[in-house]
Amino acid sequence: MNSKDYIKLIIDTKLAFFSKIKGFYILRPYGYKIWENIKNILNKMLIKNKHKNVYFPLLIPKSLFNIFNNHINNFTKECAIVTHSRLLIKNNNIYVDPKSKLNEELIIRPTSETIIWDTYSKLIQSYKNLPILINQWSNVVRLEMKNKMFIRNSEFLWQEGHSGHINKKEAIKEIKLIKKIYKKLIKNYLSIPFIFGKKTKLEKFSGSKFTYSFETLTKNGKSIQLATIHFLAKNFSKFFNVSFTDKKNKKKYVWSTSWGLSMRLIGAIIMIHSDKKGLILPPKISPIHIIIIPIINNNNKYIKKINNIVKKIKIIFYKSKINIKYDNNLNIKPGNKFYKYEKMGIPLRITIGKREIKNNKIEIIRRDNFKKYYLDIKNIFIFKKKILKLLKKIQKNIYNKAKKYIKKKTFKVNNYYLFKKIMSKKGGFIMTYFDNNNDTELKIKNETKATIRCIIKQENGKCIYSGKKTNKKVIFGKSY
RNA sequence: CGGGGUGUAGCGUAGUCUGGUUUAUCGCGCCUGGUUUGGGACCAGGAGAUCACAAGUUCAAAUCUUGUCACUCCGACCA
């Protein structure tokens with residue numbers, strides 16, 4: 001899928017639209033509903049694991065970034081800055097009132113660690129106040145040069161979790177928990193296979209001790225970062241003076257973590273699961289699960305019977321998580337509707353016409369492989385069971401398909417010449433060894449545009465570039 | 001920020017080189033009415049464009065000149 005097709009698909013299926021400002025996009029109902037579904041699933045898991053939702057302000061005083069300026073390093077070139085507070089209208093033109101210049105510039109949050117830890121420095125006094133397990137659903141702004149809908153927006157919706165703990169052990173425990181939750185969301189709900197590992201020193205989040213990331217591969221051989229988890233250790237608590245008194249009356253710094261994922265996931269879903277006919281949405285996050293299309297002849301003999309069957313199906317799934325849409329617009333031919341809903345990626349399609357009524361069986365077609373099924377609707381329990389089973393199968397099948405693709409596109413390489421050849425032609429993941437040296441990483445990046453997506457495990461080998469002995473097994477890829 | 005390209009209706013486009021029958025082309029989409037409906041229907045009618053913006057050259061500018069802006073591709077930056 002090239003860039004043009006990707007954007008066209010998003011516009012055609014009404015997921016999103018362009019706004020007046022470059023890099024800022026309008027999320028339309030269909031696209032926003034997908035985000036809401038992802039959000040609800042993750043939110044439930046976080047709440048169940050004792051996290052609480054909060055909301056911090058959009059604007060952060062510049063001085064807060066000054067406290068730990070190594071952290072803002074990542075963001076200095078992509079900040080939106082608020083400098084004034086008033087407008088003037090003169091001769092029907094609007095001007096910024098120069099007199100309203102703010103004493104201190106305000107940064108529109110690119111991420112919220114600073115304001116959160118500045119706040120908690122005042123709220124935490126005792127070990128009894130810990131752990132802090134909070135999460136924020138919000139928007140952030142990062143003004144980047146190159147944009148791509150969902151994948152790299154200048155403003156995007158995300159979730160940022162922050163935690164504070166009494167010691168390292170507890171913080172690591174939190175990281176393991178979040179890893180488990182993210183893994184479940186990405187694999188079981190979004191049907192996206194991924195690789196997981198630590199970021200290198202160069203690629204990790206500024207201000208973190210280490211960063212874990214979830215990475216996947218799209219159909220054009222480029223990799224996408226799906227989510228990150230940062231172990232902040234005592235970095236932020238030291239700079240922001242977040243300390244507590246422990247049981248032995250000793251003053252200690254808080255250990256913290258942060259973790260996030262964004263609506264980039266929607267971009268990943270589009271890029272990974274789509275085929276020539278359009279989107280294929282994982283059933284668990286699809287706004288509509290079943291589209292029902294009536295086929296009606298010029299003598300309207302069957303309309304009533306068809307409507308009755310539709311009613312019956314709707315009753316069967318009443319109050320369940322299955323959303324059904326009945327498109328009974330008779331001005332549009334069925335073929336047109338087939339194409340439309342295939343493009344939108346609706347997992348199942350039911351067609352009802354003369355044939356179905358005569359045979360007492362309903363035709364159901366899967367979006368992922370177009371297999372046809374004929375189901376008896378007399379026994380509603382069996383019917384319901386079979387539908388639910390089909391949705392599960394789709395969920396699994398698209399995961400397996402993507403997994404196969406990634407496996408096929410992951411190359412084990414131990415020679416740099418081959419590395420360059422693969423990266424310039426096929427793209428994909430390259431599994432190899434790396435000497436953990438910044439210079440090596442930069443040189444490879446300059447020569448091939450490939451970066452280390454993550455360190456997947458400790459294993460002895462020789463660095464692809466320098467030939468030095470190392471124990472870092474890594475995955476390289478070209479990133480969005 | 002450096003180099004190339006493009007701006008014509010909601011979208012995609014013809015026309016620009018060589019200024020003039022241009023009342024700006026065609027397709028999709030949209031609206032009205034009718035006939036249709038098992039894989040993108042057809043007929044009839046209709047709405048929709050200060051040709052990106054500004055200035056200039058000219059009897060005459062979508063077309064030529066200059067400037068501005070926006071978008072886009074390739075670099076750089078960035079995850």
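Residue numbering restarts at 1 for every chain, and letters A, B, ... go by the order of the sequence lines. Keep in mind that what you see is a predicted model, and the values were worked out from it rather than measured.
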Using whole Å, report how far CZ of A:Phe24 lies from P of B:C71. 12 Å

Reckon A:Ser213 touches a base, only the sugar-phosphate, or nothing at all at heavy-atom distances under 4.0 Å? nothing

Picking from B:A79, B:G38, B:G40, the nucleotide nearest the side-chain atoms of A:Lys445 would be B:A79

Within the 4.0 Å heavy-atom criterion, would you say A:Lys337 contacts the bases, only the backbone, or no part of the nucleic acid? nothing

Distance, P atom - from B:A49 to B:G10, rounded to whole angstrom: 7 Å

Using 30° and 60° as the class boundaries, would you call the ring planes of A:His230 and A:Phe205 parallel, tilted or perpendicular? parallel

Using the P atoms only, state how far B:A24 lies from B:U66, rounded to an integer number of Å. 28 Å

Paired with B:G38 by Watson-Crick or G-U wobble geometry, both distances under 3.5 Å: which nucleotide is it? none

Rounded to whole Å, how long is the line connecting atom OH of A:Tyr302 with atom C1' of B:U36? 17 Å

Any base atoms under 4.0 Å from A:Tyr480, or only sugar-phosphate, or nothing? Heavy atoms, all strands. base

Has A:Tyr339 got its ring stacked on the base of B:G40, with centres under 5.5 Å and planes less than 30° apart? yes

In whole angstroms, the gap separating C1' of B:A79 from CZ of A:Phe194 amounts to 19 Å

Go nucleotide by nucleotide along RNA chain B from the 5' end; which of A:Leu202 and A:Lys277 gets its closest nucleotide reached first? A:Lys277

Identify which nucleotide among B:U36, B:G39, B:G38 has an atom closest to any side-chain atom of A:Asn331, counting heavy atoms from C-beta outward. B:U36

Mind checking who B:G56 pairs with, Watson-Crick or G-U wobble, both distances under 3.5 Å? B:C64

Taking B:A79, B:G38, B:G40 as options, the one with an atom nearest any side-chain atom of A:Asn336 is B:G40

Touch class at under 4.0 angstrom, heavy-atom based, for A:Lys449 against every strand present: sugar-phosphate

Is A:Asp376 paired with A:Lys386 through a side-chain N to carboxylate O contact shorter than 4.0 Å? no

Between A:Tyr212 and A:Phe210, is the ring centroid distance below 6.0 Å? yes

So what's B:U50 paired with, Watson-Crick or G-U wobble, going by both distances under 3.5 Å? none

Can you tell me how far P in B:A52 sits from the matching atom in B:C42, rounded to whole Å? 33 Å

Same-atom distance (C1') from B:U63 to B:U57, integer angstrom: 14 Å

Can you find an N or O donor on one side and an acceptor on the other, under 3.5 Å apart, linking the side chain of A:Arg152 with the base of B:C78? yes

Partner nucleotide of B:G45 by Watson-Crick or wobble geometry (both distances under 3.5 Å): B:C31

Could you tell me whether the side chain of A:Glu342 has a donor or acceptor atom within less than 3.5 Å of a complementary atom in the base of B:G39? yes

OH of A:Tyr55: more than 12 outside heavy atoms within 6.0 angstrom? yes

Assign A:Arg453 to base, sugar-phosphate, or nothing according to its heavy-atom contacts below 4.0 angstrom with the strands shown. nothing

Residue mapping more 5' on RNA chain B - nearest nucleotide basis, A:Leu330 or A:Thr451: A:Leu330

Are the side chain of A:Tyr182 and the backbone of A:Gly260 linked by a donor-acceptor contact shorter than 3.5 Å? yes

C1' atoms of B:C71 and B:C26, separation to the nearest Å: 24 Å

For the pair made of CZ in A:Phe156 and P in B:C78, what is the distance, rounded to whole Å? 16 Å

Does the distance from a Lys or Arg side-chain N to an Asp or Glu carboxylate O, for A:Lys276 and A:Glu342, drop under 4.0 Å? no

Rounded distance in Å - CZ (A:Phe17) to C1' (B:G10): 7 Å

Just how far, in rounded Å, is P of B:U37 from CG of A:Asn328? 17 Å

Listed nucleotide nearest any side-chain atom of A:Glu144, set B:C78, B:U36, B:G38: B:C78

When the P atoms of B:U50 and B:U25 are considered, how many whole Å apart are they? 15 Å

Test: salt bridge (Lys or Arg N to Asp or Glu O under 4.0 Å). Region: residues 108-118 of chain A. Which pairs qualify, not counting sequence neighbours? A:Asp118-A:Lys122

Looking across every strand, which nucleic acid part, if any, lies under 4.0 Å from A:Glu356 by heavy atom: base, sugar-phosphate, or nothing? base

Mate of B:A70 across any strand shown (Watson-Crick or G-U wobble, both atom pairs under 3.5 Å) is B:U6

Sugar-phosphate only, base, or nothing, as touched by A:Ile332 at under 4.0 Å among non-hydrogen atoms: base

Compare side-chain N and O positions of A:Lys333 against OP1 and OP2 of B:G38 and report whether any pair is under 4.0 Å apart. yes

Whole Å only: how far is the NZ atom of A:Lys148 from the P atom of B:C74? 9 Å

Base-pairing assignment for B:C77 (Watson-Crick or G-U wobble, both under 3.5 Å): none

Could you check whether A:Glu363 gets within reach of a base, just the sugar-phosphate, or nothing at all, counting any heavy atom under 4.0 Å? base

Of all the nucleotides listed (B:U37, B:C78, B:G39), which has the minimum atom distance to the side chain of A:Ile295? B:U37

Need one value for A:Glu78: base, sugar-phosphate or nothing, where a base atom within 4.0 Å counts as base even if backbone is also close, heavy atoms only. sugar-phosphate

Parallel, tilted or perpendicular for A:Phe239 and A:Phe68, by the 30°/60° rule? parallel

Rounded distance in Å between the P positions of B:G38 and B:C51: 43 Å

Determine the interplanar angle of the A:His71 and A:Phe65 rings, folded into 0 to 90°, and report it as parallel if under 30°, tilted if 30 to 60°, perpendicular if over 60°. parallel

Which part of the nucleic acid does A:Ile224 contact within heavy-atom distance under 4.0 Å: base, sugar-phosphate only, or nothing? nothing

Rounded to whole angstrom, note down the P distance from B:U58 over to B:U65. 16 Å

From CD1 of A:Ile11 over to P of B:G29, roughly how many Å is that when rounded to an integer? 18 Å

